[in-house]
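Order of the sequence lines fixes the chain letters, A, B, ..., with proteins taken first and strands second; residue numbering starts at 1 for each chain. The figures that follow rest on heavy atoms only: side chains count, while hydrogens, waters and symmetry mates do not.
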Amino acid sequence: MQQDYQPKNIETAAQQYWEEQQAFRADEKSDKRKYYCLSMFPYPSGKLHMGHVRNYTIGDVLSRFHRMKGCNVMQPMGWDAFGLPAENAAMANNVAPAAWTYDNIDYMRKQLKSLGLGIDWSREVTTCKPDYYRWEQWLFTRLFEKGIIYKKTATVNWDPEDNTVLANEQVIDGRGWRSGALVEKREIPMYFFRITQYAEQLLADLDQLDGWPEQVKTMQRNWIGKSFGVRFAFPYTLDGKTEKLWVYTTRADTIMGVTFCAIAAEHPLATYAAKNNPQLAVFIEECKRGGVAEADIATMEKKGMPTGISVIHPLTGKQVPVWVGNYVLMGYGEGAVMAVPAHDERDFGFAKKYGLPIIQSVQVANETFSTDAWAEWYAAKDGICVNSDKYDGLNYDQAVDAIAADLAAKGLGEKKVQFRLRDWGISRQRYWGCPILIINCPSCGDVPVPDEQLPVVLPENVVPDGAGSPLAKMPEFYQCTCPKCGGPARRETDTMDTFVESSWYYARYASPDCTTGMVDNARAQLWLPVDQYIGGIEHAILHLLYARFFHKLMRDEGLVQGDEPFKNLLTQGMVIAPTFYRAEPNGKKLWINPADVDEETDAKGRPVAARLRADGQPVIIGGTEKMSKSKNNGVDPQAIIDQYGADTARLFMMFASPPDQQLEWSDSGVEGAFRFLKRVWKAVHEHVEQGVVPAYRKGELTTAAQALRLQLHQTIQKINDDYGRRKTFNTAIAAVMELLNALGKFGEQTATARSVVQESLEAITLLLAPIVPHISQTLWAELCPGSDLLAQAFPEADPVALVQNEIELVIQVNGKLRGSLRVAKDADKAMLEQLALAHEAVQKLLAGGTAKKIVVVPGRLINVVV
RNA sequence: GCCGGGAUGGCGGAAUUGGUAGACGCGCUGGACUCAAAAUCCAGUGUCUGUGAGGAUGUGGGGGUUCGAGUCCCCCUCCCGGCACCA
């Protein structure tokens, strides 16, 4: 056996061996329990980043563990290959998005393979290839015919200089990122998925997801936002015609406190009022400035202007002025809201600012209302109505019932369940995406492309220039004939949101080569649902909600079974790293990569200064933040793999923190991981050099050997729980480290002792195998010549080794640790109380008095209260 | 702004069901080996106090429940994720 641990050689050899053996090919004829382990597929941005390494290592650890537990594992991989970065790269480097994407995929596939992931590469999918997206197009036409897809206008960010729609991330401080022009809101026609039709199911089925983190389910519930309220109208007369201004509220009990209404700038009533009101017209134009991101709208200064129009309060008959408010958005709800300044904080601020009346209509016991300042209780639902005529004295439920009934009697409203969730707009005015399957015919309207013309292939030799959609400039793409009437027609040049591709890839993996349908039903039934899904917490709402929605769409098309796609979900935290910078004369910060910096610490190890290695001059230490290009604090995983090997990179990633928390990058932590692997190697080497022996089965053991076996089997038990239930790999690794430390202190050399050492080293190798598969593969072959680790089962604890006759109990006085006792495992309570009272430290603190109470927690402690 | 998380030694983290706070690793200090260094090995390492045994104190801040709180409840601060066209 090699004396030194040389990761490069053993990793290459192990990877070659796995490939020859086709070790990770998912078996569709197996009678073992299936385990479909899926990590979110990467966007092929160029090269792997640490977040990928973390994500895929977690998935691989779970895959390999379940494989060793006897499962038929399927772990696929693919590419979320459409998207904006390819267009940006295309513009920057004058290269076609397709070529750029395919190059990146080739490079990143090589990188993934060098990580030693147990992936079934025969199932690889690439979403930008026609053999993938043609089925998305096929589903699109089905959904269009069903009415699940429809067209309406929606508001987008418009860059007036580049004449293009901007993504929210391309709007920086209200300006276009390339042109610097002030961004405007613009209404354009778009196709939508009617996801709201599934809102009730998406909400209710969350209860099926026992294997999902509670926080993710909570976020989805809040996002869907089911509310019980009242939709009602304020009538008004305009040009002799009676119209209705509809609003929705969850606080109908405060309806008698309405002092004005606020409408969106795009509301027809606002447009009407602006016709003869130039000031208002200017204000409406001003409201159109800025982007559409909700965070910006919610944090901007609330502004308004009266329209001069009044509507009639449906219950009091009083005049209610209508204002245009920049915080009211068209298309969300009714584009109009009733305003009750006394009981809504936003309305309160607005009323104070513009001197509008504030009328209290709800009172909470023992509180005093004042219009001077807002108080939390004003918005509470546990008060009773006041200043509300016939509704005075009613509580929330009673008031809502009575008011809804009165509105209904007048034909002006009714109770309504509403969702915060909005329909999913999927049209993108971009090139690098899946073409939308519609032909716009001047006489037939929107006609879906017939099946026999699928796929509509996106031309791959195009380089976009950032000004509008390239497809709209390509007659060879958009010129076509109407499938219905045969007349000349124009193909839709918008492409689909890339969230669409990532909403069904998990199902395609079951039968990636299927040429007859989106999925092969039988194979989909074999593999779905995904047993374990792993991905970043940043996908907790959108991606996961869309994928759940798609599963239901496909279920309703008869393509898949079951209501939900992902049985268990693990949301991984981000990878963060320190930042360093220098202030440049123009005030900008020049960010410096951590790899180029040397840190200096004081005597206690606190960082005090840092210097750029290249020039030896100081740099400023910034915060520890998410690895990103903009802060230049990314650490290239390839450099770590090249220097220490994939096993060290994997081990460090799993050891540094539990998977669902942030992971802080640390060079010295990587060295520590490498050091541990060297220690494992050395321990096996020393043992093997003296000859391998059969692992311990039976025989008389010394106390020390017995203790070692106890710890060994406790560790095996713990790690089964850590990998299986808890999914905390950091604690599993720590337990193996402790075991190795104990093994190092165990000096016995008898034949029996050596068989216990053999047993321990075999177990350590198997316990670590899911995390560091290459070194484990090699060490196993040394420990058990002629045997293959791939065929080994995961260790199970030996109940005999776990038996303990004596245990240690902690003695507390008033909850404070004062000593400990070794007692027989089955000592009874009276006996334990007696022993505790007799304890020296307890005697001292009792000082001759008696104990008030004695708490005995079996197996743990005795607390004497004095 | 709204929704969801988080905060424990010098650092990453452990404490799984309210029961020994700081496992394990990093860093640091001392020692062994070495001509020397690296590597490796051994020992120590929350803070304050004490010669010592020990004592006090300690989980972002403030309050509460409990025999007992890092863990449960209330209030606050700061940090992170998401907010519908980044993926």
Side-chain angles (χ1 to χ4, degrees), chain A residues 40 42-43 45 80 83-85 88 156-157 165-171 213-216 218-219 221-223 225 292-300 327 345-346 421-430 497-499 502 536-543 545-546 571 573-574 576 601-607 623 625-626 652 655-658 660-673 675-676 678-679 682 718 721-722 725-726 728 730-731 733-738 741 744 808-817 820 852-855 857 859-861 863-865:
Chain A
M40 288 181 186
Y43 178 80
S45 55
D80 187 14
L84 205 47
N88 297 335
V156 294
N157 302 306
V165 177
L166 296 178
N168 282 335
E169 75 156 8
Q170 296 174 320
V171 179
E214 211 47 59
Q215 50 151 322
V216 174
T218 304
M219 280 192 264
R221 277 189 198 103
N222 291 339
W223 185 262
V292 297
E294 191 189 84
D296 295 335
I297 289 158
T299 49
M300 72 185 178
Y327 60 95
E345 192 170 4
R346 196 171 57 176
L421 181 70
R422 309 194 299 255
D423 278 338
W424 175 13
I426 53 151
S427 296
R428 299 289 180 269
Q429 298 67 44
R430 307 194 188 290
D497 181 0
T498 57
F499 269 125
S502 56
I537 182 67
E538 65 272 20
H539 296 291
I541 297 176
L542 292 179
H543 162 63
L545 190 72
Y546 293 150
T571 48
M574 296 176 312
I576 59 176
T601 55
D602 67 6
K604 285 198 162 175
R606 275 178 284 239
E625 300 184 49
K626 177 180 175 172
F652 168 72
F655 182 61
S657 68
D660 56 354
Q661 279 178 39
Q662 290 194 336
L663 183 148
E664 188 170 325
W665 183 259
S666 151
D667 289 330
S668 49
V670 175
E671 278 167 42
R675 213 149 35 210
F676 171 67
K678 284 197 285 191
R679 275 204 292 272
K682 196 174 149 194
K718 177 186 168 49
D721 191 40
D722 282 352
R725 179 182 62 92
R726 297 212 304 157
T728 53
N730 55 330
T731 53
I733 294 163
V736 178
M737 286 172 167
E738 283 181 87
N741 290 344
E808 190 170 271
L809 282 190
V810 161
I811 307 286
Q812 292 184 340
V813 175
N814 292 339
K816 275 190 182 153
L817 176 71
S820 67
K852 271 192 212 154
K853 187 175 174 182
I854 303 177
V855 182
V857 182
R860 290 223 179 247
L861 57 76
N863 185 17
V864 181
V865 186

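Using bins of under 30°, 30° to 60° and over 60° for the plane-to-plane angle, the ring pair A/Trp665/A/Phe652 lands in the perpendicular bin. The aromatic rings of A/Trp424 and A/Tyr546 lie parallel to each other, their planes meeting at an angle below 30°, with 60° marking the opposite boundary.
The separation between A/Met300 atom CE and B/G1 atom P is 15 Å, rounded to whole Å. Whole-Å rounding puts the A/Phe652 CZ to B/G12 P distance at 12 Å. Separating the CZ atom of A/Phe655 from the C1' atom of B/C24 is a distance of 5 Å, rounded to the nearest angstrom. In this structure, A/Arg860 atom CZ and B/A21 atom P are separated by 12 Å, rounded to whole Å. Here B/C83 presents its P atom at 10 Å from CD of A/Glu169, a figure rounded to the nearest Å. Summarising the geometry, the separation between CE on A/Met737 and C1' on B/G12 is reported as 12 Å, rounded to the nearest angstrom. Going from atom NZ of A/Lys718 over to atom P of B/A23 covers 14 Å, rounded to whole Å. Remark: P of B/G5 and CD1 of A/Ile576 are 19 Å apart, rounded to the nearest angstrom.
Taking the P atoms as reference points, B/G58 lies 12 Å from B/G63, given to the whole Å. Here, B/G44 and B/G9 have their C1' atoms 15 Å apart, quoted to the whole Å. Here the separation of B/C76 from B/C86, taken at their C1' atoms, is 34 Å to the nearest Å. Rounded to the nearest Å, the gap between the C1' atom of B/U29 and that of B/G19 is 35 Å. Separation of the P atoms belonging to B/G64 and B/C11 is 29 Å when rounded to the nearest angstrom. Taking atom P on both B/G25 and B/U45, the two are 15 Å apart, rounded to the nearest angstrom. As rounded to the nearest Å, B/G4 and B/C85 have C1' atoms that lie 23 Å from one another. Comparing B/G31 with B/C80, their P atoms are spaced 43 Å from each other, to the whole Å.
Summarising the geometry, atom NZ belonging to A/Lys718 is positioned 6.0 Å from atom OG1 belonging to A/Thr728; distances are rounded to the nearest 0.5 Å. Atom CG in A/Asp296 sits 7.5 Å away from atom CG in A/Asn168 (nearest 0.5 Å).
Considering only side-chain atoms of A/Thr299, the nucleotide from B/G1, B/G12, B/A15 that sits closest is B/G1. Listed candidates were B/C41, B/G1, B/A84. Nearest to the side chain of A/Ala298 is B/G1. Distances were taken from every side-chain heavy atom of A/Ala295 (C-beta onward) to each of B/A15, B/G1, B/C11; the shortest belongs to B/G1. Residue A/Pro85 places its side chain closer to B/A87 than to any other of B/C67, B/A87, B/G1. Out of B/C24, B/U16, B/A14, the shortest distance to the side chain of A/Arg725 is found at B/U16. Distance from the side chain of A/Val855 is smallest for B/G19 among the nucleotides B/A14, B/G19, B/G25. Here the nucleotide nearest the side chain of A/Met574, chosen from B/G13, B/C41, B/G81, is B/G81. Looking at the side chain of A/Asn222, the nearest of the listed nucleotides B/A84, B/C3, B/G81 is B/C3. Which of B/A84, B/C85, B/G81 sits closest to the side chain of A/Ala293 comes down to B/A84. For A/Met219, the side-chain atoms get nearest to B/G4 when compared with the rest of B/G4, B/G13, B/A14.
Note on A/Asn741: every side-chain N or O is 4.0 Å or more away from OP1 and OP2 of B/C24. Between A/Arg726 and the phosphate of B/U16, there is no side-chain N or O to OP1/OP2 separation shorter than 4.0 Å. Put simply, A/Arg675 has a side-chain N or O that comes within less than 4.0 Å of OP1 or OP2 on B/C26.
Within 4.0 Å (heavy atoms only), A/Glu538 reaches at least one base atom of the nucleic acid. Backbone-only engagement by A/Arg679 is indicated by non-hydrogen atom pairs under 4.0 Å involving sugar-phosphate atoms exclusively. Within 4.0 Å of A/Val810, counting heavy atoms only, lies at least one base atom of the nucleic acid. Within the nucleic acid shown, A/His539 comes within 4.0 Å of at least one base atom, counting heavy atoms only. The residue A/Phe676 sits apart from the nucleic acid: no heavy atom pair falls under 4.0 Å. Within the 4.0 angstrom heavy-atom criterion, no nucleotide atom of any strand lies near A/Ser666. Heavy atoms of A/Glu294 sit under 4.0 angstrom from at least one base atom. Across all strands, A/Ala656 comes closer than 4.0 Å only to sugar-phosphate atoms, never to a base (heavy-atom distances). Using a 4.0 Å heavy-atom criterion, one finds that A/Leu861 contacts the bases of the nucleic acid, with or without backbone contacts as well. Residue contacts for A/Val165: at a heavy-atom cut-off of 4.0 Å it reaches a base atom on one of the strands shown. A/Pro42 comes within contact range of no nucleotide atom at all, as no heavy-atom separation falls under 4.0 Å.
A side chain to side chain contact (heavy atoms under 4.5 Å, CB included) with A/Pro658 holds for exactly one of A/Leu663, A/Asp722, A/Asn730, A/Thr731; it is A/Asn730.
A/Met219 places a side-chain heavy atom less than 4.5 Å from the side chain of A/Ile537. You'll find the side chain of A/Asn814 reaches within 4.5 Å of the side chain of A/Val865, heavy atoms only.
Of the residues near RNA chain B, A/Arg430 and A/Glu214, the one whose nearest nucleotide (by heavy atom distance) lies more toward the 5' end is A/Glu214. Each of A/Gln812 and A/Asn730 lies near RNA chain B, and the nucleotide nearest A/Asn730 is the one positioned closer to the 5' end.
Interface remark: the A/Lys678 side chain does not form any donor-acceptor pair with the B/U40 base, using a distance-only criterion of under 3.5 Å. Residue side chain A/Gln429 reaches the base of B/C85 through a donor-acceptor N/O pair under 3.5 Å, judged by distance alone.
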- Item | CA sep, side-chain torsions, deciding dist, call: A/Ser502, A/His543, side chain to side chain contact (heavy atoms under 4.5 Å, CB included) | CA-CA 7 Å; A/Ser502 56; A/His543 162 63; 3.8 Å; yes
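More than 12 heavy-atom neighbours from other residues, nucleotides or ligands sit within 6.0 angstrom of CZ on A/Arg726.
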